[in-house]
Amino acid sequence: MDDTNPTKEEVEYVDSIQEDVKWLGFDWGTHYYQASDYFARMHADAIRLIEMGKAYVCHLTLEQMREYRGDLVNPGKPSPSRDRSVAENLKLFAQMTKGELDEGSAVLRAKIDMASPNLLMRDPVIYRIRKASHHNTGDTWCVYPMYDYAHPLEDAYEGITHSICTLEFEIHRPFYDWLLRTLDTPAKPRQIEFARLNLTYTVMSKRRLLELVQEKRVSGWDDPRMPTVSGLRRRGVTPTSIRKFCETIGVTKHNSLTDVALLEHAIRDDLNKTVPRAMAVLDPIRLVIENYPEGQVEELEAINNPEDPAAGSRKVPFSRNLLIERDDFMEIPAKKYFRLTPGQEVRLRWAYFVKCTGVTKDAEGNILEVRCTYDPATRGGETPPDGRKVKGTIHWISEAHAGDVEVRLYDRLFTLEDLNSLADGEDWRTHLNPNSLKVARAKVEPSLLQTKPGTRVQFERVGYFCADTKDSTPGKPVFNRTVTLKDSWAKVVAK
RNA sequence: UGCCCGAUGGUGUAAUGGUAGCACGACCGACUCUGACUCGGUCAGUCUAGGUUCAAAUCCUAGUCGGGCAACCA
C-alpha cells in the first residue's frame with residue numbers, strides 16, 4: 001500500500017482494497033506491507049543521496065518550480081539551490097525532518113538532468129514537508145516521500161522481481177531505474193506496465209466513479225451498477241467469474257475497450273453451473289385453470305438445477321389460480337410465438353400442459369385474466385401417453401401461495417458505449433442511462449422468502465439474481481438482478 | 001510541434017522468423033420440461049508504404065492513427 005501522503009484520506013480505500021482482494025480469493029499471508037513501514041529506511045537513503053551529491057534541498061515555490069522546469073519542448077533551468085554543498089543540504093534536510101521549516105518552504109529534489117526530454121527526470125521532488133498526522137505513523141514524521149521515490153525503494157527492500165503497474169507510469173520508469181542504480185540497491189526490481197481495463201457502457205476512472213458517488217447518482221461505491229469490485233459483489237457476480245473474465249481478456253500494453261458482453265458471458269457461465277433455479281413472475285397476469293378443482297392444492301416436484309444433479313429438488317404448490325408473466329400471453333400471436341395464445345397449448349414448468357381457452361376483459365377491454373384447461377395426464381410436465389408435444393414451457397406461481405418481493409432490475413449505467421470518446425466539452429454525465437435501475441414487485445415461490453442475503457438464484461427464463469446484502473430483511477429479501485438470461489426471442493421480436 | 005508507448009476479425013486476445021489460432025459476438029441450424037444450457041455450421045483480421053530474408057503479424061526505416069507526459073498526487 002503506497003500510503004506516502006498523509007493528507008490524502010485513504011484509510012477507507014485501504015480497507016476496501018483488502019476486503020476486495022480477499023473476496024476475489026487471494027491472501028497476502030504475512031506479506032502485507034505498507035510504504036510507511038519503510039519511512040525510516042527511505043529517509044536514510046535520502047541522506048545517502050545527499051551525501052553522494054545526488055539530492056539537494058530546494059526553496060522554489062510551486063509556481064517557480066513549474067517555470068524552472070521548462071516545458072515539453074524547452075529545457076528547464078537549474079534551481080538556485082542546485083549546487084549547494086552537501087553539508088548544507090544535510091543540515092537543511094535535518095531541519096525539514098525536525099519540523100523546523102514551514103510546509104511549502106523547502107523540498108528535497110533528486111539531482112538528475114534539467115534538460116531531460118522526460119520532464120519527470122528534471123530534478124523530481126522526492127521529499128516534501130507535511131505537518132500532518134499519518135494514519136499509520138502518527139506524528140513521527142514531518143517529511144514524507146513522494147510516490148515516485150518510495151515505489152522503487154519499497155520494491156527493492158522487499159526483493160520484488162516484477163513490479164506491475166498501469167501504463168501511465170511508463171514515463172516514471174527512467175526515474176525508478178535511476179534511483180536503484182544510483183543507490184546501488186542489492187535487489188534490482190523491474191517495473192512493468194500494462195493497460196488498465198476499460199469496459200463498454202461504464203466509466204472506470206476513480207475520479208469519475210467518485211463523482212457518481214458524491215453527486216448521488218448511485219447509492220455508493222457498492223451500488224450494484226458500479227464497476228467496482230464491491231459493486232459487482234453486491235450485484236451477485238462471483239469471484240470465479242471475475243477471475244475467468246480476467247483470464248479471457250489477458251494483459252497487454254495497448255488501450256482497449258472490452259465489450260461488457262465478455263464479462264456477462266463469464267458470469268452466466270459460472271452461475272449456470274452453480275446456482276439453483278426458482279420461479280418468479282416479474283410482471284404478473286392471472287391464469288385460471290377452468291377444469292382444475294377450486295380449493296385443491298398439489299405439491300409438485302421441481303428440479304433445483306438441471307446442470308447439477310446434486311442440487312436435488314423441491315416442492316412447489318400448484319392450484320387453480322396461477323400468475324404467469326404478462327409477456328407469456330398474446331391474444332393475437334406474433335409469428336413463431338409459441339407461448340400461450342388462444343387455442344395453443346404450453347407446458348407449465350414442472351406442472352401440467354395447459355391449453356388457452358380465452359380471456360376475460362373489463363369494460364375498457366383490458367385483459368383481466370387468461371383462461372385455460374389442463375390435461376391431468378401431463379402431471380409433472382411429462383409428455384402425455386399420446387406423445388403430444390408442446391413448443392413452449394412457461395413459469396408460473398400459485399397466486400394463493402405467492403411471496404411478494406422487491407426486485408431491482410439493473411441495466412448498463414450509461415447509454416454510450418465508449419465514455420472515453422466524447423466530443424469536446426461534452427459532459428460524460430449526460431450519457432447516464434435513466435433506466436439503469438427499475439424496481440419491480442415480483443411474485444415468487446414461497447421458499448424464496450427465506451433467501452439469505454448474498455444468496456444467488458436463477459429465476460427461470462428471466463435471469464440471475466442475488467439477495468441484496470444491505471436492504472434485505474428476514475423474510476423479506478430484496479433481489480438484485482445480476483444479469484439476464486440470453487434471450488433469442490427478444491432478438492426475433494426486435495427484427 | 002518535443003519525448004515515451006502502442007496498433008491482429010465487430011470485441012478481447014494467441015502466434016517472437018516457418019500452417020494467422022482461441023474466446024466473445026452476430027447469423028443459420030439441431031437439441032430442449034428454461035426461446036436458457038449444450039452441439040454443429042457460417043461470418044470476419046495482421047494500420048500504410050518501402051526494406052531485410054528462402055520465408056515477416058513478428059526484424060529495420062518512414063508514415064498514419066491512438067494513448068501518455070510539464071502536483072510539493074498516486
Side-chain angles (χ1 to χ4, degrees), chain A residues 2-5 7-8 10 13 35 58 60-62 65-67 69-76 103-109 116-122 124-130 143-144 146-148 150-151 165-174 193 195 197 200 206 245 247-266 268-269 272-273 277 279 302-303 306-307 336-339 346-351 353 378 380-383 389-395 417 420-421 458-463 484-493:
Chain A
D2 290 300
D3 54 346
T4 54
N5 188 344
T7 62
K8 286 216 161 181
E10 52 187 340
Y13 292 129
C58 173
L60 255 24
T61 63
L62 276 168
M65 186 95 71
R66 189 173 6 251
E67 183 196 330
R69 185 153 36 224
D71 59 29
L72 263 15
V73 288
N74 297 303
E103 263 184 45
S105 68
V107 292
L108 185 68
R109 300 175 70 176
S116 170
N118 182 345
L119 301 251
L120 262 25
M121 293 296 271
R122 322 246 260 225
V125 171
I126 58 177
Y127 264 93
R128 76 290 219 191
I129 300 168
R130 280 292 112 92
V143 290
Y144 289 92
M146 298 290 288
Y147 166 80
D148 276 347
H151 187 216
C165 65
T166 43
L167 241 34
E168 66 269 30
F169 291 101
E170 215 160 19
I171 198 131
H172 297 239
R173 178 152 35 94
E193 310 84 8
L197 169 67
T200 53
K206 190 171 170 185
F245 168 67
E247 282 167 28
T248 303
I249 63 176
V251 177
T252 49
K253 288 199 68 171
H254 65 272
N255 293 294
S256 56
L257 178 62
T258 299
D259 192 334
V260 72
L262 260 20
L263 207 213
E264 291 174 349
H265 173 262
R268 291 191 185 104
D269 192 46
N272 175 51
K273 287 180 280 199
R277 273 64 168 166
M279 291 194 284
I303 290 169
E307 306 284 329
K336 293 184 82 173
Y337 184 80
F338 45 78
R339 275 113 93 153
V346 301
R347 172 173 26 239
L348 295 177
R349 183 90 157 140
W350 310 121
F353 282 19
T378 56
E382 302 291 345
T383 301
K389 299 221 172 194
V390 289
K391 268 301 247 183
T393 297
I394 65 173
H395 59 281
E417 187 171 43
N420 288 320
S421 68
Q458 182 199 97
F459 291 169
E460 292 214 57
R461 305 208 307 129
V462 177
T484 61
L485 248 31
K486 284 219 292 191
D487 186 354
S488 56
W489 172 243
K491 285 181 196 169
V492 175
V493 172

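All values derive from a computational prediction rather than experimental measurement. Here is how names work: the chains are called A, B, and so on, in the same order as the sequence lines, proteins then strands, and each is numbered from 1.
For the pair A/I249 CD1 and B/A14 P, the computed distance is 11 Å after rounding to whole Å. Distance CG (A/N74) to P (B/C3): 13 Å, rounded to an integer number of Å. The NE2 atom of A/H254 sits 8 Å away from the P atom of B/A14 (whole-angstrom rounding). As a whole-Å value, the separation of A/R277 CZ from B/U34 P is 11 Å. One can place NZ of A/K253 at 13 Å from P of B/A14, the figure rounded to the nearest angstrom. Remark: C1' of B/G2 and CZ of A/R122 are 9 Å apart, rounded to the nearest angstrom. A straight line from CH2 of A/W489 to C1' of B/U34 spans 16 Å, rounded to a whole angstrom. For the pair A/E193 CD and B/G6 P, the interatomic distance rounds to 10 Å; values are reported in whole Å.
Using a 4.5 Å heavy-atom threshold, the side chains of A/R277 and A/W350 count as separate. In this structure the side chain of A/L485 reaches within 4.5 angstrom of the side chain of A/Q458, judged on heavy atoms.
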(request) Kindly express the pairing pattern of RNA chain B in dot-bracket notation, using | wherever a base pairs with another strand and counting only Watson-Crick or G-U pairs under 3.5 Å. (result) .((((((..((((....[..))))((((((.......))))))...(((((..]....))))))))))).....
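Across B/G18 and B/C59, the matching C1' atoms stand 15 Å from one another, rounded to whole Å. If you take atom C1' in B/U46 and the same atom in B/U58, they sit 10 Å apart, rounded to whole Å. Taking atom P in both B/C27 and B/U64, one finds a spacing of 39 Å when rounded to whole Å.
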Show me the protein contacts with nucleotides 25-28 of chain B, counting only N or O atoms at under 3.5 Å.
residue : atom : partner : partner atom : Å
B/G25   : OP1  : A/K486  : NZ           : 3.4
B/A26   : OP1  : A/K491  : NZ           : 2.9
B/A26   : OP2  : A/K491  : NZ           : 3.3
B/C28   : OP1  : A/K495  : NZ           : 3.3

What's touching nucleotides 60-64 of chain B from the protein side, N or O pairs under 3.5 Å?
none

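With sequence neighbours excluded, no residue forms a ring pair (Phe, Tyr, Trp, His ring centres under 6.0 Å) with A/F353. By the salt bridge (Lys or Arg N to Asp or Glu O under 4.0 Å) test, A/R461 is found to be paired with A/D328, residues two or more places apart in sequence or in another chain being considered.
Salt bridge A/K491/A/D487: absent, no basic N to carboxylate O contact under 4.0 Å.
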(message) Output one letter per nucleotide in nucleotides 68-74 of chain B: B when a protein non-hydrogen atom lies under 4.0 Å from the base, S when only the sugar-phosphate is that close, - when neither is.
(response) BBBSBBB
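Here the side chain of A/D2 pairs no donor or acceptor atom with the backbone of A/T4 at under 3.5 angstrom.
As judged by a 4.0 angstrom heavy-atom cut-off over every strand, A/P174 is placed among residues making no nucleic acid contact. Residue-level contact check: A/F353 touches neither bases nor backbone, having no heavy atom under 4.0 Å from any strand.
A close approach under 4.0 Å does occur between a side-chain nitrogen or oxygen of A/S256 and OP1 or OP2 of B/U13. Phosphate proximity of B/A36 to A/S488: present, with a side-chain N or O under 4.0 Å from OP1 or OP2. For A/T252, a side-chain nitrogen or oxygen approaches OP1 or OP2 of B/U13 to under 4.0 Å.
Judged by atom type and distance alone, A/R339 reaches the base of B/G35 through a side-chain donor-acceptor pair under 3.5 Å.
Closest approach of A/H172 and A/D148 over heavy atoms only: ND1-OD1, 2.7 Å.
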